[in-house]
Structure formats: structure tokens, C-alpha cells
Amino acid sequence: QVQLVESGGGSVQPGGSLRLSCAASGRTFRNGAVGWFRQAPGKDREFVAAARWSGSTSRYSDSVRGRFSISRDNAKNTVYLQMNSLIAEDSAVYYCAATVRGLIFSSLSTSTLYEYWGQGTRVTVSS
């Protein structure tokens with residue numbers, strides 16, 4: 001059974017940093033992609049960042065580019081989202097997603113192409 005388990009969420013002041021982790025078990029996604037999405041109260045789920053599991057291709061939403069960074073640890077089958085310079089608008093539940101598909105760059109942000117999802121971890125940015 002495939003599982004994605006997120007961790008690392010919490011409360012932080014504006015300007016602070018958090019690192020989210022997503023540990024995958026049950027299979028590897030070496031030829032696929034992993035992504036982070038988020039959903040704030042009353043809003044639709046939105047794309048944050050994604051990357052192909054192999055190689056250096058990554059994509060970011062305009063709202064987080066330059067502040068967030070996605071990375072992977074193949075040995076641990078884990079994906080990370082380093083979030084810096086956090087602002088109140090970053091407050092949301094963050095979800096890790098993975099697919100075995102080899103997505104092209106423009107498709108990395110499409111949530112419906114990811115077949116595996118974690119349970120989410122909450123991030124609150126507030127003073």
C-alpha cells in the first residue's frame with residue numbers, strides 16, 4: 001500500500017521558515033513526479049511546487065518562486081519543501097502528491113495528474 005506522510009507543519013511568524021517533509025512508502029516514484037499543493041480555508045487547492053523525481057526539473061507557482069524550494073532524498077524516498085520568508089498568505093494545509101507518470105514541465109502543476117496524496121500538514125503564519 002502506497003503512503004505519503006507529511007510532517008513539519010506548524011505555526012511561524014511572518015518572515016520565518018519551515019521545512020515540510022513527505023515520506024513515501026510502498027513504492028518508489030523514480031520515473032514520476034512529486035508535488036506540493038495547498039488549500040487555505042474557503043479557497044480551492046492550489047499548486048505550490050513540483051519536481052520530477054529524477055533529474056533537476058522543477059516548477060513553482062508565481063506566489064512562492066524565490067522563497068520556496070523543493071528537493072528530494074532518493075535514499076530516504078522523501079521530498080522536502082523548504083519555505084522561507086513566509087507571509088500570512090502562505091497559511092494553508094499543505095499536501096504532498098506523487099505520480100508514477102513522467103509529467104512534462106507544463107503538467108507538473110496539474111493536481112488531477114497525481115494519483116497519490118498525503119493527509120496534509122497545516123502551516124500557520126501569524127504574528
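Excluded from the calculations below are hydrogen atoms, water molecules and symmetry mates; all remaining heavy atoms, backbone and side chain alike, are included.
Neither side chain, Arg19 nor Tyr80, offers a donor N or O lying under 3.5 Å from an acceptor on the other. Looking only at atom types and distance, the side chain of Gln13 has no donor-acceptor partner in the side chain of Ser127 under 3.5 Å away.
Of the possible donor and acceptor atoms, one in the side chain of Asn77 sits under 3.5 Å from a partner among the backbone N and O of Ala24. Using a distance-only test at 3.5 Å, with no hydrogens or angles considered, a donor-acceptor pair links the side chain of Thr121 to the main chain of Gly9. A donor-acceptor pair under 3.5 Å links the side-chain atoms of Glu115 to the main chain of Val100, judged by distance alone. Counting only distance, with no hydrogens or angles, the side chain of Arg101 and the backbone of Gly32 share no donor-acceptor pair below 3.5 Å. In terms of modelled atom types and a separation under 3.5 Å, the side chain of Arg65 and the main chain of Tyr60 share a donor-acceptor contact. Looking at Asp90, its side chain never comes within 3.5 Å of a backbone N or O of Val64 through a donor-acceptor pair. A donor-acceptor pair is defined here as one N or O able to donate and one able to accept, closer than 3.5 Å; no such pair exists between the side chain of Tyr95 and the backbone of Arg45.
Between the OG atom in Ser17 and the CE atom in Met83 there is a gap of 8.5 Å [rounded to 0.5 Å]. In this structure, CD in Glu6 is found 10.0 Å from OG in Ser21, a value given to the nearest 0.5 Å. Note that CH2 of Trp36 and SG of Cys22 are 5.0 Å apart. Values are rounded to the nearest 0.5 Å. Rounding to the nearest 0.5 angstrom, the gap separating the CZ atom in Phe37 from the OG atom in Ser61 is 10.5 Å. Expressed to the nearest 0.5 Å, how far OG1 of Thr124 lies from CG of Leu18 amounts to 9.5 Å. With rounding to the nearest 0.5 Å, the separation of CZ in Arg38 from NZ in Lys43 is 8.5 Å.
Looking at Tyr114 and Thr112, their side chains never come closer than 4.5 Å, going by heavy atoms from C-beta outward. Contact annotation: the side chain of Ser91 approaches that of Val125 to within less than 4.5 Å [non-hydrogen atoms, C-beta and beyond]. Contact of the Asp44 side chain with the Glu46 side chain is not registered, since no non-hydrogen atoms from C-beta on lie closer than 4.5 Å. Using a 4.5 Å cut-off on side-chain heavy atoms (C-beta onward), Glu89 and Ser63 make no contact.
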Under 3.5 Å, side-chain donor or acceptor atoms of residues 47-56 against the rest of the protein: list the pairs with distances, not counting sequence neighbours.
residue, atom, partner, partner atom, Å
Arg52, NE, Leu103, O, 2.9
Arg52, NH1, Thr57, OG1, 3.0
Arg52, NH2, Leu103, O, 3.4
Trp53, NE1, Asn74, OD1, 2.8
Ser54, OG, Arg30, O, 2.6

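The nearest pair of heavy atoms linking Ser111 to Trp117 is O-CZ2, 3.5 Å. Residue Leu4 comes nearest to Tyr116 through the heavy atom pair CD1-O, 3.4 Å, listed as atom of the first residue, atom of the second, then distance. Here the closest non-hydrogen pair linking Gly120 and Val93 is CA-CG1, 3.9 Å.
Figure legend: cation-pi geometry between Arg122 and Tyr94 absent, as NZ or CZ is not positioned both under 6.0 Å from the six-membered ring centre and within 45° of its axis.
In terms of hydrophobic clustering, with Ile, Leu, Val, Met, Phe, Trp and Tyr side chains grouped at heavy-atom distances under 4.5 Å, Phe68 and Leu108 are assigned to different clusters. Taken together through direct or relayed side-chain contacts under 4.5 Å among Ile, Leu, Val, Met, Phe, Trp and Tyr, Leu20 and Val12 form part of one hydrophobic cluster.
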Side chain to side chain contact (heavy atoms under 4.5 Å, CB included) evaluation trace for Ser25 with Gln1: CA-CA 8 Å; Ser25 61; Gln1 183 178 358; over 6 Å; no

